[in-house]
Amino acid sequence: MNPDQLADHLYAIVTRVVERRRGGRGSVDSLVARTDIRLERPRNRDHGDWASNVAMRLAKPLGVSPRELAEEIAVDAGRLEGVASAEVAGPGFINFRLDAGAAGVVAKVILDAGEAYGRNVTQAGSTINLEFVSANPTGPLHIGHTRWAALGDSIARVLKASGAQVASEYYINDAGSQMDKFGASVLAAAKGEPTPPDGYPGQYIADLAAAVLEREPDLLALPDDEALGRAREIAYELQLAEIRQALRDFNVEFDVWFSERTLHAKDPRTDRSLVDDAVERLRAQGHVFDRDGAVWVRTTDFGDDKDRVIRRSNGVYTYFAADAAYYLNKGDRGFRHKIYLLGADHHGYVHRLRALAGAAGDDPDRDIEVLIGQLVSINGAKLSKRAGNIIELTDLQRWLGTDALRYSLSRSPADSPLTLDPELLRSHTNDNPVYYVQYAHARTRSVSRNAQAAGVARSAFAPELLGHETESALLGALQEFPRIVAQAAELREPHRVARYVEELAGLYHKWYDSCRVIPLGEEPVTDLHRTRLWLNDATGQVIRNGLGLLGVSAPERM
RNA sequence: GCCCCCAUAGCUCAGGGGAUAGAGCGUCUGCCUCCGGAGCAGAAGGCCGAAGGUUCGAAUCCUUCUGGGGGCACCA
């Protein structure tokens, strides 16, 4: 008996009650949405294993008191198999208590499913393109990108676990003038000249220059134009490789690396690029006009505060044009839903992107979704390029460790400002929530190893014996995991998984403290010990699955 | 000026209209002869920024205000 099954039974009972009272005039569905009949885990354990507010929702439309209605529902609900009791409490809650056996079967369900436990089909049928990071390949990733890398990757994972067809995608801005500035900066460094105006400063440019010279020793003997091109291309290749490696080391996997150059490349047969086509497609939709020699998109039709130029009067496309082409290309590749993860410093793009969807003939409310995340600060200091106190992703990783860094970035919602305390993250103690969770996992593994040595095996499974209060608390939390994953996917909030595994770890530690898996001294091994081993192993599996969704390791030992 | 986000314990942060608002850290008190004490049990700590509104019920939804962060290019 899991909460979803119980909710189904409850719905059937409520349907009967409503029919009895209404005599066929008006169904349940006309009074309350099916999804509003939900079971929640009460905060207070005295309120049972699961609680429903359905009576309070229906009392008014039915014209009865919530408690009276709750009593009527509770009588039937109390007779359900697997339900030990259904009691009315407070203003009209119905509090359910499950039989230990009915609750305990989840341990077996989990171990049968293994890594698949938690997967669900709530997002089945949706095709989602999820774009994040997309940093210019003109320098290393810094902390500003780090949060989106952690978050975006975990969002992709929970979406996939919920049955969505997802492509996580990195848009490489490798076209345009910033690449030339980048190339010029590297070439200048190779020549030993100072950084050109508007160029990229930084030690990494000098390092790249050295690497470029190593690859192309005759670089400086080439004509200037050619040298610039070679420097730019080699440095680009090296820098992009470094970015990819940094993300791989951070357990961030992109399905697609999309080069902006793809959009500008002319098709040799038609001599047209995807950007050319995109502008014409928007024009055909009726949202493009010409003014002052430039081509504009009427983004104000879709809530933008001013119209945007897509092709300048000098004939050069703006960045917006590439954005449009890229957006259309995502749709052409079969992705109905496009998610963009942007930092708060880019929120000005939101209207523009939504306008793009509208101008392309899509529904801006349904086909495009822009997630805005707040910036991260360290020790209270905001980190920005302007302030010159950028910290690189790879430095942070080496400093704090991938697990601690990913976890701390993943355990808060994206729109919540986040301050990292490096001292705290470096501490390998309980100061650091990730260790609390990882320790719980390591402990399940240790118990499992010790159990084997002590002759306790999963040879018997008697869930009705799991009657201790810490056991019913742990079982209830284990039952919740699939809906936590589904919720994280639906809301694009992977931090819910982090908070969940923290709670689960806490419940496990409490259980461990009061219930032994391995008998003391000369006591005999009983089915209770064997069944507890199932529970121990199931808990380890769920913590492992949860951490996996966050890209954090679940160590066997610490 | 216009737009977006935030405000909850001393600190860092959770809390999708429900019951007595939570966790970790920090402070204080207990618990290791036996499965990992990186743990557990307990104490203290709150006008959920302010004021209105919606609701049987608001930290949560709406409006206004205050305070903080960010953004408003024929840049990329």
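Below, read A as the first sequence line, B as the second, and so on, with proteins coming before strands; counting in each chain starts at 1. Note that the coordinates shown come from a computational prediction; the quantities given were computed from them, not determined experimentally.
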With heavy atoms under 4.0 Å as the rule, sort [X] into base, sugar-phosphate or nothing.
{"X": "M179(A)", "value": "nothing"}
{"X": "A175(A)", "value": "sugar-phosphate"}
{"X": "D304(A)", "value": "nothing"}
{"X": "N173(A)", "value": "nothing"}
{"X": "R557(A)", "value": "base"}
{"X": "A59(A)", "value": "nothing"}
{"X": "R496(A)", "value": "base"}
{"X": "S416(A)", "value": "sugar-phosphate"}
{"X": "Q452(A)", "value": "nothing"}
{"X": "S177(A)", "value": "sugar-phosphate"}
{"X": "A294(A)", "value": "base"}
{"X": "P413(A)", "value": "sugar-phosphate"}
{"X": "E503(A)", "value": "nothing"}

If I take atom [atom1] in residue [X] and atom [atom2] in nucleotide [N], what distance separates them, rounded to the nearest angstrom?
{"X": "R312(A)", "N": "A73(B)", "atom1": "CZ", "atom2": "C1'", "answer": "10 Å"}
{"X": "L491(A)", "N": "U60(B)", "atom1": "CG", "atom2": "P", "answer": "18 Å"}
{"X": "H509(A)", "N": "C35(B)", "atom1": "NE2", "atom2": "P", "answer": "15 Å"}
{"X": "I543(A)", "N": "G39(B)", "atom1": "CD1", "atom2": "P", "answer": "13 Å"}
{"X": "R57(A)", "N": "G16(B)", "atom1": "CZ", "atom2": "C1'", "answer": "12 Å"}
{"X": "N44(A)", "N": "U20(B)", "atom1": "CG", "atom2": "P", "answer": "10 Å"}
{"X": "H351(A)", "N": "C2(B)", "atom1": "NE2", "atom2": "P", "answer": "14 Å"}
{"X": "Y435(A)", "N": "G39(B)", "atom1": "OH", "atom2": "P", "answer": "13 Å"}

Using the [atom1] atom as the point on both nucleotides, what is the distance between [M] and [N], in whole Å?
{"N": "A41(B)", "M": "G37(B)", "atom1": "P", "value": "14 Å"}
{"N": "A44(B)", "M": "C25(B)", "atom1": "C1'", "value": "15 Å"}
{"N": "C32(B)", "M": "A38(B)", "atom1": "C1'", "value": "14 Å"}
{"N": "A59(B)", "M": "A21(B)", "atom1": "C1'", "value": "7 Å"}
{"N": "C65(B)", "M": "A7(B)", "atom1": "C1'", "value": "14 Å"}
{"N": "C62(B)", "M": "U55(B)", "atom1": "P", "value": "16 Å"}
{"N": "C13(B)", "M": "U8(B)", "atom1": "P", "value": "10 Å"}
{"N": "G30(B)", "M": "G46(B)", "atom1": "C1'", "value": "26 Å"}

| task | Determine, stepwise, if the pair Y436(A) / H509(A) fulfils ring pair (Phe, Tyr, Trp, His ring centres under 6.0 Å). | result | CA-CA 10 Å; Y436(A) 181 78; H509(A) 286 311; 5.1 Å; yes

Please answer whether [N] and [X] are stacked, defined here as ring centres separated by less than 5.5 Å and planes angled under 30°.
{"X": "Y436(A)", "N": "A38(B)", "result": "no"}
{"X": "Y512(A)", "N": "C40(B)", "result": "no"}
{"X": "H346(A)", "N": "G71(B)", "result": "no"}

| Within 45° of the axis and under 6.0 Å from the centre of the six-membered ring of W296(A), does NZ or CZ of R308(A) qualify? |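 Relative to the ring axis of W296(A), which defines the angle, R308(A) lies outside at least one limit.
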
| request: Could you tell me whether R443(A) sits above the aromatic face of Y512(A), with NZ or CZ closer than 6.0 angstrom to the six-membered ring centre and within 45 degrees of the axis? | output: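 Yes, cation above the ring, under 6.0 Å and within 45°.
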
Would you say a side-chain N or O of [X] is under 4.0 Å from OP1 or OP2 of [N]?
{"X": "S412(A)", "N": "A14(B)", "value": "yes"}
{"X": "K306(A)", "N": "A73(B)", "value": "yes"}
{"X": "N450(A)", "N": "G36(B)", "value": "yes"}

| note | Per nearest nucleotide of RNA chain B, the residue lying toward the 5' end, L520(A) or D292(A), is L520(A)

| remark: Judged by nearest nucleotide, the residue sitting upstream toward the 5' end of RNA chain B, N136(A) or Q487(A), is Q487(A)

Has the side chain of [X] got a donor or acceptor atom that lies under 3.5 Å from a matching backbone atom of [Y]?
{"X": "H468(A)", "Y": "C515(A)", "answer": "no"}
{"X": "S408(A)", "Y": "L405(A)", "answer": "yes"}
{"X": "S410(A)", "Y": "L550(A)", "answer": "no"}

| Check: G18(B) base within 3.5 Å donor-acceptor of E40(A) side chain |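 Answer no: no donor N or O sits under 3.5 Å from an acceptor.
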
| Checking only heavy atoms, does the side chain of N53(A) share a donor-acceptor pair with the base of G18(B) at less than 3.5 Å? |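 Between G18(B) and N53(A), which were checked side chain against base, a qualifying N/O pair under 3.5 Å is present.
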
| said: Syn or anti for C65(B)? Use the chi torsion, O4'-C1'-N9-C4 for purines and O4'-C1'-N1-C2 for pyrimidines, with syn inside 90° of 0. | reply: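 What C65(B) shows is an anti base, its glycosidic angle lying more than 90° from 0.
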
Atom of [X], atom of [Y] and distance for their closest heavy-atom approach:
{"X": "L478(A)", "Y": "A538(A)", "answer": "CD2-O, 4.4 Å"}
{"X": "R532(A)", "Y": "L466(A)", "answer": "CG-CD2, 4.1 Å"}
{"X": "Q374(A)", "Y": "W148(A)", "answer": "O-CH2, 3.1 Å"}
{"X": "P3(A)", "Y": "Q479(A)", "answer": "CD-CB, 3.9 Å"}

| Bracket notation of RNA chain B in which parentheses pair within the strand, [ ] cross earlier pairs, and | pairs with another strand (Watson-Crick or G-U, under 3.5 Å) | (((((((..((((....[...)))).(((((.......))))).....(((((..]....))))))))))))....

| Would you call the rings of F461(A) and W534(A) parallel, tilted or perpendicular, where under 30° means parallel and over 60° means perpendicular? |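 Judged by the thresholds at 30° and 60°, the geometry between F461(A) and W534(A) is tilted.
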
